[in-house]
There are 2 protein chains.
Amino acid sequence: MNVCTNTIKDIARLAEVSHSTVSRALRNSPLVKAETAERIRRIVEEFGYRPSAIARSLATRRTKTIGVVVTTIADLFVAGVVTGIEDVASDHGYSVFLANSNADPDREVRVVASFEERRVDGVVVTASRVGALYLPMLSRMRVPIVLLNNQHPSEFAHSVMIENTAASREATRHLVELGHRRVAYLGDRYGQHCDTERFGGYRQALDVAGLPFLPQLVVHGDGRPASGRQAMARLLELAEPPTAVFCYDDMMALGALRQIHACGLRVPDDISVVGFDDLPIAEYTEPPLTTVRQPMRQMGHLAMQTLLLLLEGSESKHNIKVPGELIIRETTAPPNDRRQILKSA
Amino acid sequence: MNVCTNTIKDIARLAEVSHSTVSRALRNSPLVKAETAERIRRIVEEFGYRPSAIARSLATRRTKTIGVVVTTIADLFVAGVVTGIEDVASDHGYSVFLANSNADPDREVRVVASFEERRVDGVVVTASRVGALYLPMLSRMRVPIVLLNNQHPSEFAHSVMIENTAASREATRHLVELGHRRVAYLGDRYGQHCDTERFGGYRQALDVAGLPFLPQLVVHGDGRPASGRQAMARLLELAEPPTAVFCYDDMMALGALRQIHACGLRVPDDISVVGFDDLPIAEYTEPPLTTVRQPMRQMGHLAMQTLLLLLEGSESKHNIKVPGELIIRETTAPPNDRRQILKSA
DNA sequence: AGGATTATTGCACGCGTGTGCACGATTTCT
DNA sequence: AGAAATCGTGCACACGCGTGCAATAATCCT
């Protein structure tokens with residue numbers, strides 16, 4: 001009921017005990033008599049007193065706070081992961097500071113500075129594209145760091161990663177098994193770690209199937225739909241366009257679909273498309289997108305659980321790999337020529 | 001270079017001044033001599049000292065921290081808004097605590113409790129569906145609150161809202177002007193404030209055009225694509241289905257599109273669809289979605305700017321309305337019968 | 001030159017909580 | 001009954017920083 005900024009001392013006065021006793025009662029210390037604790041808790045309840053996490057942090061030297069840095073939260077993959085992180089953080093009494101870096105170096109240093117000043121207990125970096133100077137800055141602050149699908153593997157930190165190579169291999173194999181022989185790879189920015197791994201899986205599947213690798217079937221975008229569309233346009237201008245495209249992620253697959261349709265071609269009749277992520281919208285593209293599911297939320301859970309382990313003093317190196325799962329929907333089918341053969345058979 | 005947890009006193013010792021002088025130098029107080037301040041700043045730089053925001057907060061009784069509560073961050077509208085909030089928060093030295101409520105009452109009270117304990121300076125509530133007891137809880141903590149597109153208007157708080165009625169009226173008018181006479185409304189949960197407003201705009205446009213209001217053309221979902229699909233299915237089962245649908249938001253429009261296509265109908269040839277939000281994916285649906293643009297990021301900016309005003313002591317009531325903008329893409333066209341007429345003419 | 005003013009700096013306390021230690025009260029044991 | 005052990009509580013200090021006030025040093029004025 002009361003509205004003033006009560007302190008622990010106000011409660012102590014009301015309960016006619018010392019503030020130490022109130023503090024102990026609220027922390028469920030076995031040192032205080034049960035009935036005293038009960039009386040204190042009633043008063044706390046009645047006056048709506050909330051202990052100051054600020055003062056507590058100063059005294060305990062732990063803030064029960066973590067910093068989460070993302071390039072942008074306006075990305076369904078990132079948002080899914082952050083949801084997972086927040087789930088378990090909240091369950092364990094941690095609050096999360098969210099910071100967008102926008103892949104802007106200036107903002108990166110500001111983010112690190114703010115996390116450092118706020119004395120976060122740990123940090124999760126999600127799907128960062130950021131450069132070499134960034135992680136050392138973060139690691140300088142001597143708190144545990146967990147990287148999630150990071151583009152720059154680092155010795156400073158622990159990590160949660162999707163099984164890029166295996167998942168990509170399976171996705172590509174799916175296309176190959178449908179009969180495709182000209183399978184394109186529509187990648188993210190060249191040189192990014194995840195891109196390299198996914199590309200590797202694509203190559204492996206080609207090799208296993210004994211298909212030749214055709215460099216002209218490899219194009220790159222920047223992760224946004226528009227870039228996927230442009231990259232797809234380049235593929236369609238080829239003298240011999242691919243009959244199937246494996247895309248780095250769903251958003252670029254979205255752009256690819258758009259371009260294919262804009263050219264008057266049909267999916268999957270004329271060309272098959274596979275994405276990566278299984279964003280909530282993948283089920284609602286036209287037609288519904290075949291893609292590799294990343295358990296985004298669960299990956300967030302794992303990242304935060306790892307951080308909790310580290311906060312409890314775990315010394316071991318945590319490098320978790322989670323498997324992707326191929327979700328077959330309706331953007332994939334046998335290629336045109338192959339269907340002809342099947343029909344005539 | 002140093003790794004220890006330096007305090008202001010360590011710096012003071014190194015600079016051979018008192019900690020007060022260091023404190024003032026770092027806050028750019030005019031009270032310290034320029035060269036002294038310079039020397040101190042060099043030492044601070046050299047040792048990589050970062051003042052503790054915790055201790056500072058305790059002393060100044062301001063945390064330079066705000067709480068942002070969302071039902072879920074895994075929603076492109078919400079994510080856009082949060083991006084905007086974080087933009088200007090960061091520019092003004094504020095850090096943001098992000099909390100997902102998941103529209104779960106238990107989590108709601110936990111969120112409020114954590115914001116309260118952490119002594120956030122202000123709160124932004126985004127697109128909340130939450131109930132009546134929630135806002136009073138928040139307002140109890142006596143910090144400024146800004147609501148963004150909230151479903152429960154409240155006298156406790158300031159707000160930033162989209163011009164729901166006007167925008168919906170224009171969207172519906174667009175359909176009517178194309179010649180549609182059977183225009184459906186695919187709404188969010190019944191009774192939500194935004195839904196009521198958008199429905200109101202729809203009704204107004206009908207009235208202005210002199211079209212009859214047909215209750216059977218009004219259906220409701222829950223904001224998710226799946227619900228949009230189900231609602232659309234109900235419309236298509238009607239003896240006389242609508243020739244156009246105005247959807248509460250893009251995600252349900254996505255579900256509607258899916259159902260229309262699944263029934264073998266074509267957009268916009270057989271039926272027109274309009275969304276609301278202009279999410280980044282709206283440009284990439286099949287066909288690209290006609291929709292009402294909400295300047296999500298800018299709305300986030302406005303919300304945070306309003307909060308800053310309030311934090312500076314503004315006493316006035318802030319209720320900002322921002323206009324929507326109809327973005328005409330390719331899901332809208334004259335109805336079939338009308339096209340026939342136009343052709344024969 | 002000497003007092004008045006101003007520019008710098010340091011002292012000491014407060015912000016709200018946690019906790020080691022000491023002390024008194026109560027219980028247990030011989 | 002007296003000593004020992006246990007229990008419950010309060011005192012006092014620490015956490016790292018900001019700031020009012022006093023003190024000192026530098027500068028100005030007549």
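Nearest nucleotide to the Leu58(A) side chain, out of dC15(D), dG18(C), dC17(D): dC15(D). Side-chain proximity of Thr36(B) to dC17(D), dG10(D), dT9(C): nearest is dT9(C). Side chain of Ser18(A), nearest nucleotide from dG16(D), dC11(D), dT17(C): dC11(D).
When rounded to the nearest whole Å, the span between CZ of Arg56(B) and P of dG16(C) equals 18 Å. Atom pair Arg118(B):CZ and dT17(C):P shows a separation of 14 Å (rounding to whole Å applied). Distance CG (Asp10(B)) to P (dC17(D)): 9 Å, rounded to an integer number of Å. Residue Ile54(A) contributes atom CD1, which lies 13 Å from atom P of dG18(C) at whole-angstrom precision. Between the CD1 atom of Ile40(B) and the C1' atom of dG18(D) there is a distance of 15 Å, given to the nearest Å. Atom P of nucleotide dT9(C) and atom CD1 of Ile8(B) are separated by 15 Å, given to the nearest angstrom. As rounded to whole Å, 15 Å separates atom C1' of dG10(C) from atom CD of Glu16(B). Rounded to whole Å, the distance from CZ on Arg50(A) to C1' on dT17(C) is 17 Å.
For Ser57(B), the side-chain contact (heavy atoms from CB on, under 4.5 Å) criterion is met by Ile54(A), Thr63(B), not counting sequence neighbours. Scanning for side chain to side chain donor-acceptor pair (under 3.5 Å) contacts around Asp222(A) gives Arg224(A), Ser227(A), with sequence neighbours left out. When the side chain to side chain donor-acceptor pair (under 3.5 Å) test is applied to His92(B), no partner is found at least two apart in sequence or on another chain. Thr60(B) pairs by the side chain to side chain donor-acceptor pair (under 3.5 Å) definition with nothing, not counting sequence neighbours. With sequence neighbours left out, Ser95(A) forms a side chain to side chain donor-acceptor pair (under 3.5 Å) with Arg118(B).
Residue pairs meeting the side-chain hydrogen bond (donor to acceptor under 3.5 Å, both in side chains) criterion with at least one member in residues 72-90 of chain A, sequence neighbours excluded, are Glu86(A)-Arg107(B), Asp87(A)-Arg297(A), Asp87(A)-His301(A), Asp87(A)-Arg107(B), Ser90(A)-Arg110(B). Sorted by first then second residue, the salt bridge (Lys or Arg N to Asp or Glu O under 4.0 Å) pairs that include residues 299-309 of chain B, not counting sequence neighbours, number zero. Sorted by first and then second residue, the salt bridge (Lys or Arg N to Asp or Glu O under 4.0 Å) pairs with a member in residues 301-320 of chain B form an empty list; sequence neighbours excluded.
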Which donor-acceptor pairs under 3.5 Å do side chains of residues 20-32 of chain A form with protein atoms, sequence neighbours excluded?
unit_1	atom_1	unit_2	atom_2	d
Thr21(A)	OG1	Ser18(A)	OG	3.4
Asn28(A)	OD1	Arg41(A)	NH1	3.0
Ser29(A)	OG	Leu31(A)	N	3.0

Reading nucleotides 22-27 of chain C from 5' to 3' and marking B where a protein heavy atom lies under 4.0 Å of the base, S where only the sugar-phosphate is that close, and - otherwise, the string is ------
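Taking side-chain N and O atoms only, Tyr49(B) has a distance below 4.0 Å to OP1 or OP2 of dC17(D). For Arg61(B) and dG16(C), the shortest distance from a side-chain N or O to OP1 or OP2 is below 4.0 Å.
Listed by residue number, Arg24(B), Leu31(B), Val32(B) are the residues of residues 22-32 of chain B with a heavy-atom contact under 4.0 Å to DNA chain C.
Inspection of the Glu108(B) and Asn102(B) side chains reveals no N or O donor paired with an N or O acceptor under 3.5 Å.
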Exercise. Applying side chain to side chain contact (heavy atoms under 4.5 Å, CB included), run through Val143(A) and Ile66(A) and close with a yes or a no.
Key: CA-CA 10 Å; Val143(A) 300; Ile66(A) 68 155; over 6 Å; no
Item to complete: Test Arg140(B) against Glu116(B) for salt bridge (charged side-chain N to carboxylate O under 4.0 Å, His left out), laying out the working first.
Response: CA-CA 9 Å; Arg140(B) 218 192 50 126; Glu116(B) 211 167 350; 2.7 Å; yes
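Axis angle across the helix from dA1(C)-dT30(D) to dT30(C)-dA1(D), with five pairs used at each end and values rounded to 10°: 40°.
You'll find a donor-acceptor pair under 3.5 Å spanning the side chain of His19(A) and the base of dG18(C), going by distance alone. Checked by distance alone, Ser20(A) brings a side-chain donor or acceptor within 3.5 Å of a matching partner on the base of dT19(C).
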